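Each remark here refers to the structure printed beneath this line.
Fair warning: this is a prediction, and the values are worked out from it, not measured in the lab. Along the sequence shown, residues carry numbers from 1. Every heavy atom of this structure was used, including side-chain atoms; hydrogens, water molecules and symmetry mates were not.
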Amino acid sequence: MKQLFLISLMILSGASALAKKHCTDEPKEKWMTEEDFKKKVEAEGYKIRKFKQPGTCYEIYGTDKDGKKVEIYFNPVDGSIVKSK
């Protein structure tokens with residue numbers, strides 16, 4: 001039983017590691033500041049409800065210029081979209 005628990009724990013740990021997005025290999029010194037990034041995104045018509053910085057990405061939850069809900073992962077170096085939902 002203990003082995004089954006350990007195996008399950010290892011699988012879940014691996015799955016959560018895989019769930020993280022990878023957006024850049026550049027060091028943080030080359031990233032846009034959060035303030036500059038937010039200004040850029042808002043200038044493109046997005047309204048940011050929640051901002052996160054998971055791993056190597058900038059992530060926003062909010063709405064696009066048409067008012068549709070979005071969840072978007074961005075490359076923090078150039079602000080390009082890596083994944084959008």
Quiz item: What residue pairs, at least two apart or across chains, pass salt bridge (Lys or Arg N to Asp or Glu O under 4.0 Å) with a residue in residues 73-85?
Solution: Glu71-Lys85
Quiz prompt | Residue list, salt bridge (Lys or Arg N to Asp or Glu O under 4.0 Å) with Glu34, at least two apart or on another chain | solution = none
Quiz item: If two hydrophobic side chains count as joined below 4.5 Å and joins carry through other members, does Ile81 share a cluster with Tyr61?
Solution: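 Different hydrophobic clusters.
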Practice problem: List for me each residue that meets side chain to side chain contact (heavy atoms under 4.5 Å, CB included) alongside Lys69, sequence neighbours excluded, and say none if there are none. | Solution: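 Not a single residue meets the side chain to side chain contact (heavy atoms under 4.5 Å, CB included) criterion with Lys69.
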Quiz item: Is the side chain of Asp64 donor-acceptor paired with the backbone N or O of Asp66 at a distance under 3.5 Å, no angle test?
Solution: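 Looks like yes, one N/O pair under 3.5 Å.
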Quiz item: In Å, rounded to the nearest 0.5 Å, how long is the span from CD1 of Ile60 to OG of Ser84?
Solution: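 Between Ile60 CD1 and Ser84 OG, I get 8.5 Å after rounding to 0.5 Å.
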Exercise. Hey, could you give me the CG/CH2 distance between Asn75 and Trp31, rounded to the nearest 0.5 Å?
Key: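 Rounded to the nearest 0.5 Å, the CG-CH2 separation comes to 8.5 Å.
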In a table with atom names and distances, give each donor-acceptor pair under 3.5 Å that connects a side chain of residues 38-49 to protein atoms at least two apart or in another chain.
unit_1 : atom_1 : unit_2 : atom_2 : d
Lys39  : NZ     : Glu35  : OE2    : 3.3
Lys40  : NZ     : Glu44  : OE2    : 2.5

Show me the donor-acceptor pairs within less than 3.5 Å that the side chains of residues 50-58 make with the rest of the protein, sequence neighbours left out.
unit_1 : atom_1 : unit_2 : atom_2 : d
Gln53  : OE1    : Lys28  : NZ     : 3.3
Gln53  : NE2    : Gly55  : O      : 2.6
Thr56  : OG1    : Cys23  : N      : 2.8
Tyr58  : OH     : Met32  : O      : 2.7

Quiz item: Who are the side-chain hydrogen bond (donor to acceptor under 3.5 Å, both in side chains) partners of Asp25, not counting sequence neighbours?
Solution: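 Counting only residues at least two positions away or on another chain, Asp25 forms a side-chain hydrogen bond (donor to acceptor under 3.5 Å, both in side chains) with His22.
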